[in-house]
Amino acid sequence: MPGTYFVTSRTWESRAIFKTAPPCEIFVECLLHYRDEGAYRLHAFVLMPDHFHVLLTPGDSTALERAVQFITRGSARARSSS
């Protein structure tokens with residue numbers, strides 16, 4: 001269903017991983033990567049120490065759930081491999 005959504009997600013075990021630049025940079029790179037690929041239109045986002053907020057519109061062929069998976073799993077994978 002088309003629409004714009006406000007999404008909030010906590011970090012694993014509510015850990016304050018967004019207190020330093022490297023994890024924030026990984027998250028933002030992932031967020032922008034999938035935006036550039038057309039998975040969603042990114043309107044705004046904010047990182048807090050233990051969670052994030054994103055305002056997005058899923059792409060024509062992307063479900064909301066899949067858009068959120070791109071963000072959360074993509075940044076977690078990138079973080080674990082760095």
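Note that the structure is predicted; figures quoted are calculated from it, not measured.
Hydrophobic clustering of Ile, Leu, Val, Met, Phe, Trp and Tyr side chains at less than 4.5 Å, counting indirect connections, keeps Leu31 apart from Leu55. Placement of Met48 and Val28 in two distinct hydrophobic clusters is found when ILVMFWY residues are connected by side-chain heavy-atom separations under 4.5 Å, directly or transitively. Under the 4.5 Å side-chain heavy-atom criterion for ILVMFWY residues, a single connected hydrophobic cluster contains both Leu56 and Leu32.
Taking the ring centroids of His53 and Phe6, they lie under the 6.0 Å cut-off. For an aromatic pair to be called close, the ring centres must be under 6.0 Å apart, and Phe52 with Phe45 fails this.
Atoms CD and OH, on Gln69 and Tyr34 in that order, are 10.5 Å from each other to the nearest 0.5 Å. Remark: Ile17 CD1 to Trp12 CH2 distance equals 10.5 Å, nearest 0.5 Å. Considering SG of Cys30 and CZ of Arg35, their distance stands at 12.0 Å, rounded to 0.5 Å.
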**Request:** For Val68 and Ser9, run side chain to side chain contact (heavy atoms under 4.5 Å, CB included): C-alpha distance rounded to whole Å, both residues' side-chain angles, the deciding distance at 0.1 Å, then the answer.
**Result:** CA-CA 9 Å; Val68 173; Ser9 184; 5.6 Å; no
**Request:** Decide side chain to side chain contact (heavy atoms under 4.5 Å, CB included) for Phe70 and Thr62; before the verdict, give the C-alpha distance in whole Å, the side-chain angles of both, and the deciding distance to 0.1 Å.
**Result:** CA-CA 10 Å; Phe70 285 143; Thr62 307; 4.1 Å; yes
**Message:** Would Leu47 and Phe27 count as a side chain to side chain contact (heavy atoms under 4.5 Å, CB included) here? Give the steps.
**Reply:** CA-CA 9 Å; Leu47 289 176; Phe27 181 87; 3.4 Å; yes
**Prompt:** Given Val54 and Thr8, is the side chain to side chain contact (heavy atoms under 4.5 Å, CB included) satisfied, shown in steps?
**Reply:** CA-CA 6 Å; Val54 179; Thr8 298; over 6 Å; no
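Under the 4.5 Å side-chain criterion, counting only non-hydrogen atoms from C-beta, Thr11 is not in contact with His51.
Between the side chains of His33 and Glu37, a donor-acceptor pair is found at a separation under 3.5 Å.
At a threshold of 4.0 Å, the pair Arg10-Asp50 counts as salt-bridged, since one of the basic side-chain nitrogens sits closer than that to a carboxylate oxygen.
The number of heavy-atom neighbours closer than 6.0 Å to CG of Asp36, taken from other residues, nucleotides and ligands shown, is above 12.
Nearest heavy atoms, Pro58 versus Gly3: CD-O, 3.3 Å. Across Phe18 and Cys24, no two heavy atoms sit closer than the pair O-SG, 3.6 Å.
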